[in-house]
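Quick caveat, the model's predicted, so the values are computed rather than measured. Start at 1 with the first residue, then count along the sequence. Heavy atoms only: backbone and side chains are in, while hydrogens, waters and symmetry mates are out.
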Amino acid sequence: MDMDERSPISLKSLREQVYEYLRESMNRGDLMPGSFMNLGEISARLGISKTPLRDALLQLETEGFVRILPRRGCVVQTVNLEDIRDIYQIIGALEASVVLEVGHRLQTSVDAMRRMVAEMRSCLAKDDFNGFYDANLRFHNAYLLLSSNEPLKRVVQLQKQRLYDFPRRQTFVKEWEVASTEEHSTFVDRVADGRLAEAAAFMRDVHWSFALQEKFIAQYYADALRSQARESGV
């Protein structure tokens, strides 16, 4: 069924449906970073005019997923080390602010967070990256979802999607994930002890520190960074 033929009572606009289609294509790797998008082909495949496609692309450009080039078309954005450094700073600062915002309410989530840490360790023992990835996101959501700041949560979500779903990688750096899991455990201990300012600083200055995590980042994004270097002639 073409998109134009969907039920008129659909709660999602055509622009939203096109947006989700493009994001899923990026996640699957059908649209790879650095590649130009054939807008005519996409319009024909979806059975839509270029108006909702253009509107969806404008939203994706605002969020940093694509870049619209005048008279040249649209290219899927790449993520380089400088981008990752900036994203880490943004996420670290925002997540730390949420920990301080929610305060002692977060202590009610200590047991749940400890179960998630145990789940992450179990996934690592089985080399289950998808399970680890899911538990990791739920861990951070344990405090993010307590925040009433919806725009902040939206920014954090989008930045994490740029890091991890661009496209979704099927492998992981086990040494990094082991270290990350222990950082989660340290964070929980500080929350449990009521040392919330220390917990917030630890999340910002250790867990989301580009300088401290750079060696792992370079390994995780090695293929993408090598490809970018070849394209730039470095």
Side-chain angles (χ1 to χ4, degrees), residues 1-80 83-84 86-87 90-91 94-95 98 129-172 220-221 223-224 227-228 231:
M1 177 185 295
D2 290 339
M3 281 195 175
D4 285 342
E5 298 173 355
R6 293 190 178 185
S7 169
I9 64 172
S10 171
L11 297 179
K12 293 183 179 179
S13 68
L14 191 54
R15 177 194 60 79
E16 290 173 314
Q17 294 176 61
V18 175
Y19 170 88
E20 291 184 358
Y21 169 82
L22 294 174
R23 282 296 314 278
E24 289 170 3
S25 296
M26 293 177 193
N27 185 282
R28 291 193 305 267
D30 297 339
L31 293 173
M32 292 296 291
S35 65
F36 274 86
M37 302 168 67
N38 188 326
L39 305 186
E41 179 183 317
I42 293 173
S43 294
R45 183 185 311 134
L46 299 180
I48 60 172
S49 70
K50 289 189 177 179
T51 298
L53 176 58
R54 183 187 64 244
D55 292 343
L57 290 174
L58 286 171
Q59 180 178 348
L60 288 167
E61 183 178 46
T62 299
E63 296 170 350
F65 291 101
V66 305
R67 183 158 48 103
I68 299 174
L69 305 174
R71 296 180 297 279
R72 293 182 59 195
C74 185
V75 63
V76 181
Q77 280 279 44
T78 57
V79 177
N80 57 36
D83 295 325
I84 297 170
D86 293 343
I87 291 171
I90 292 168
I91 296 176
L94 294 181
E95 289 203 356
V98 168
F129 172 73
N130 287 329
F132 177 90
Y133 179 85
D134 178 66
N136 180 57
L137 288 181
R138 284 188 282 112
F139 180 92
H140 288 269
N141 283 340
Y143 52 87
L144 286 170
L145 293 180
L146 292 176
S147 173
S148 60
N149 191 328
E150 296 301 326
L152 181 153
K153 289 187 287 187
R154 176 66 174 164
V155 169
V156 171
Q157 179 188 40
L158 285 172
Q159 295 305 319
K160 287 184 177 180
Q161 288 169 348
R162 289 189 69 198
L163 283 177
Y164 304 128
D165 295 340
F166 213 70
R168 174 74 62 84
R169 288 163 175 80
Q170 297 304 313
T171 58
F172 62 105
Y220 184 72
Y221 294 95
D223 291 342
S227 176
Q228 291 170 31
E231 292 172 3

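The side-chain heavy atoms of I91 and L94, taken from C-beta on, include no pair separated by under 4.5 Å. Contact annotation: the side chain of L53 approaches that of L22 to within less than 4.5 Å [non-hydrogen atoms, C-beta and beyond]. V76 has its side chain out of reach of L60: every pair of non-hydrogen atoms, C-beta onward, lies at least 4.5 Å apart. Residues Y21 and R45 are in side-chain contact: their nearest non-hydrogen atoms beyond the backbone lie under 4.5 Å apart. Side chains of F65 and Q77 form no contact here, defined as non-hydrogen atoms less than 4.5 Å apart.
Side-chain atoms of E61 never come within 3.5 Å of backbone atoms of V66 as a donor-acceptor pair (strictly under, hydrogens ignored). Side-chain atoms of Y221 come within 3.5 Å of backbone N or O of L163 as a donor-acceptor pair. Under a 3.5 Å cut-off, the side chain of S35 and the backbone N or O of M32 do form a donor-acceptor pair. Side chain of E20 to main chain of Q17: no donor-acceptor pair is present (N/O by atom type, distance under 3.5 Å, no hydrogens or angles). Listed for the D134 side chain is no donor-acceptor partner under 3.5 Å among the backbone atoms of G131.
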Show the atom names and distances, to 0.1 Å, of all donor-acceptor pairs under 3.5 Å that link a side chain in residues 142-149 to residues at least two apart or in another chain.
{"from": "Y143", "atom 1": "OH", "to": "E95", "atom 2": "OE1", "distance (Å)": "2.4"}
{"from": "Y143", "atom 1": "OH", "to": "H140", "atom 2": "ND1", "distance (Å)": "2.8"}
{"from": "S147", "atom 1": "OG", "to": "E101", "atom 2": "OE1", "distance (Å)": "2.8"}
{"from": "S147", "atom 1": "OG", "to": "E101", "atom 2": "OE2", "distance (Å)": "3.2"}
{"from": "S147", "atom 1": "OG", "to": "N149", "atom 2": "N", "distance (Å)": "3.0"}
{"from": "N149", "atom 1": "OD1", "to": "L152", "atom 2": "N", "distance (Å)": "3.0"}

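Closest non-hydrogen pair, S43 versus S49, comes out as OG-O, 4.2 Å.
Considering only residues two or more places apart in sequence or on other chains, Y220 meets the side chain to side chain donor-acceptor pair (under 3.5 Å) condition with none of them. Taking D86 as the reference, nothing meets the side chain to side chain donor-acceptor pair (under 3.5 Å) condition, with sequence neighbours excluded.
Looking at Y164 and Q159, their side chains never bring a donor and an acceptor atom within 3.5 Å of each other. Side-chain N/O atoms of R138 and Y133 include no donor and acceptor closer than 3.5 Å. Side-chain atoms of R23 and Q161 include a donor-acceptor pair closer than 3.5 Å.
Ionic pairing of E150 and R154 is not present here: no N-O contact between side-chain nitrogen and carboxylate oxygen is shorter than 4.0 angstrom.
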Applying side chain to side chain contact (heavy atoms under 4.5 Å, CB included), run through Y19 and E24 and close with a yes or a no. CA-CA 9 Å; Y19 170 88; E24 289 170 3; over 6 Å; no

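Note: N141 CG to Q157 CD = 8.5 Å, rounded to the nearest 0.5 Å.
F36 does not carry R72 over the face of its six-membered ring by the limits of under 6.0 Å from the centre and within 45° of the normal.
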